[in-house]
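Basis for what follows: all heavy atoms, side chains included, without hydrogens, waters or symmetry-related copies. In this chain, numbering begins with 1 at the start of the sequence shown. Keep in mind that what you see is a predicted model, and the values were worked out from it rather than measured.
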Amino acid sequence: MPDMTASVIAYASHLLAGAVVFAGFFFVYLRLTPYDEFKLIREGNVSAALSLAGALLGFVLTIASSITHADGLLPFLFWSVMASVVQLIVFVVLTRLMPDYRLQIEHNNIAAGMLFGVSALAVGVINAACLS
């Protein structure tokens, strides 16, 4: 039964670490965006929801891949943080390519929200694949 205990500890530590890394990314992403996602989403702004959902899904894919492929907790944390930096850089680059991004999202331009959400998801898939 000692193997089971070690497995439960590994599971719990990765789950907790994954939740912390996810929360950290979520916090930084919310601070990086120039608008209040939750306010816009409560108002029914689909573009804000799409953009945020893509960013979160794209990042969680890298967390899952890192847990699967990293050899231990520290490598998992390292690669998760690196992946979050990549995700945030992509967001910054996209906002430079679309300087009126804030207005597009605030005015519920669903195409703009989808562009940002799908871009984040695509980069997350690439990030996840690189971790294998």
Which hydrophobic side chains are connected to [X], either touching it within the sub-4.5 Å cutoff or through other members that do?
X    : value
M82  : F78, W79, L131
L16  : V20
I110 : V46, L50, M114, V118

Who are the side-chain contact (heavy atoms from CB on, under 4.5 Å) partners of I9, not counting sequence neighbours? T5
Who pairs with R42 by side-chain contact (heavy atoms from CB on, under 4.5 Å), at least two apart in sequence or on another chain? F38, K39
Could you pull out all residues at least two apart from E106 that satisfy salt bridge (charged side-chain N to carboxylate O under 4.0 Å, His left out)? R102
Checking Q104 now: which residues fulfil side chain to side chain donor-acceptor pair (under 3.5 Å) with it, not counting sequence neighbours? D100, N109
Looking at residues at least two apart in the chain, or sitting in another chain, which of them share a side chain to side chain donor-acceptor pair (under 3.5 Å) with T33? E37
Between S47 (side chain only) and G113 (backbone N and O only), is there a donor and an acceptor less than 3.5 Å apart? no
Can you pull out every salt bridge (charged side-chain N to carboxylate O under 4.0 Å, His left out) where at least one residue sits in residues 64-93? Sequence neighbours excluded, please. none
If you round to the nearest 0.5 Å, how far is CG of L77 from CG of L73? 4.5 Å
When the side chains of residues 51-68 are checked against the rest of the protein, which donor-acceptor pairs come out under 3.5 Å, sequence neighbours left out?
residue	atom	partner	partner atom	Å
S51	OG	Y29	OH	3.4
S51	OG	Y101	OH	2.7
T62	OG1	F59	O	2.5
S65	OG	H69	ND1	3.3
S65	OG	A128	O	2.6
S66	OG	F76	O	3.1
T68	OG1	A64	O	2.9

If you look at every heavy atom in A112 and M98, which pair is closest and at what distance? CB-SD, 4.2 Å
